[in-house]
Amino acid sequence: MSTAIDAFDSLLAGRQRILLLSHVNPDGDAIGSQLGLKWLLEAQGRQVIAANQDGVPVLLRADQVAPGWQEVVHNPMKPKRRGNGYDLVIALDCSDLPRLGKAYSPALAATPLVNIDHHITNLHFGAVNIVDPAASSTAELVWRLADALGWPIGPQAAQCLLTGIVTDTRSFRVGHVTPGLLGVAQQLMEAGASLAAVNELVLERRDVDTICLWGHALAELRLEERIIWTAIPQTMRARCNSVEQSDSGLANFMVGAVEADVALILTERADGLVDVGMRAAPGFDVAQVALALGGGGHPRAAGCTLALPLEAASQQVLAALKAALAQQRHAEQRP
Ligand code: 5GP
Ligand code: MN
């Protein structure tokens, strides 16, 4: 970690125009880490553009939780933004390069790239890789960077970083919350960040259309070999007028079922691809299944995107999960 941070420090020296990118269909950690780093780098005198293929999700469009959200652009290569080009690209919360989607233009291939991420499936695709799967969030890694380099953290950066930490840990409810992380959160709150704002405005908050969709998806719930799963075809989404957006709340809810070790949701997108979201109960791991299917994630929360019809995608993922779970249960039983 410290070697990677030193390498980042050297790479940053003399580089003025910096492009920050995060993953498609961004969540609180993608936007929080990206905007947090934007504030920090601007305080260090850099010119920074933050871009995301899909923009900022509705619940994060609030100054109380993601100050600066209005400045996230879709296309960083528009001439007025790109100017004479970028000196450095930083990818945040992405385990592989394709996960940046269209925000990463092939024209950026010659520009040095720094990869800051906490997914166990990270492919170390950067010239410098600040990657730690033990970190709670990418926002925590940005905090570590600022701390190691002695950068002051103002109230806006503090809020963005706390939003990343709180959304990725579901408000400090997951296994990798350490006393150290609580100390970081305390420092961010002392710098002016609000924990209540993230809890009240982002976590566990959703629109009625999404709740309607949950109702339909839950009505179709199935349980097979301790896998609790459901599928969301486009027709179901249309019945609720629900728009495609990041919503991991249903999968988190389903994995709480005492009869299940894994929760699975398959969502048919308008472009025909199928988004796969998986969650594991304590002691189980879905990251490797996601990686084998071309996606990635964390042991307890992972996903991928498949170019198959919904039914075929369901069968493929169920088969892979059943095999992985059988193996994991078998390994558990060995002395
Ligand atoms: P969710 O189910 O909330 O969409 O995703 C759970 C986790 O899996 C997140 O950490 C997310 O970054 C990761 N993930 C979901 N879909 C993909 C994917 O298509 N590719 C990769 N690399 N990671 C994914
Ligand atoms: Mn994250």
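Atoms within a ligand are numbered from 1 in the order they appear, just like the ligands themselves.
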Checklist line | Pair D54-N25, side-chain donor/acceptor within less than 3.5 Å | finding: no

Next item on the list: Please check if the side chain of R279 supplies one atom and the backbone of M254 the other of a donor-acceptor pair under 3.5 Å.
Entry: no

Notebook entry, point to check: Considering residues at least two apart in sequence or located in another chain, which fulfil the side-chain hydrogen bond (donor to acceptor under 3.5 Å, both in side chains) criterion with S314?
Noted result: none

Checklist line | Atom pair CG/CG of L188 and L162 - distance to nearest 0.5 Å | finding: 5.5 Å

Next item on the list: Using a cut-off of 2.8 Å, find all protein N, O or S atoms closer to the Mn ion (ligand 2) than that distance.
Entry: D29 OD2, D93 OD1, H118 NE2, D168 OD2

Next item on the list: Kindly write out the residues that satisfy ring pair (Phe, Tyr, Trp, His ring centres under 6.0 Å) with H298, not counting sequence neighbours, or none if the list is empty.
Entry: H118, H119

Notebook entry, point to check: What does the list of residues with a heavy atom under 4.0 Å from ligand 1 look like, ordered by chain and number?
Noted result: S95, D96, R99, H119, S248, G277, R279, G295, G296, G297, H298, A301, A302, G303, C304, T305

Next item on the list: Consider only side-chain N and O atoms of D93 and S22, and report whether a donor and an acceptor are under 3.5 Å apart.
Entry: no

Check: Do we see a donor-acceptor contact under 3.5 Å between the side chains of D207 and T210?
Finding: yes

Check: Which atom pair, heavy atoms only, marks the closest approach of V274 to L308?
Finding: CG2-O, 3.3 Å

Next item on the list: Determine, for R15 against D87, whether the closest basic-nitrogen to carboxylate-oxygen distance falls under 4.0 angstrom.
Entry: no

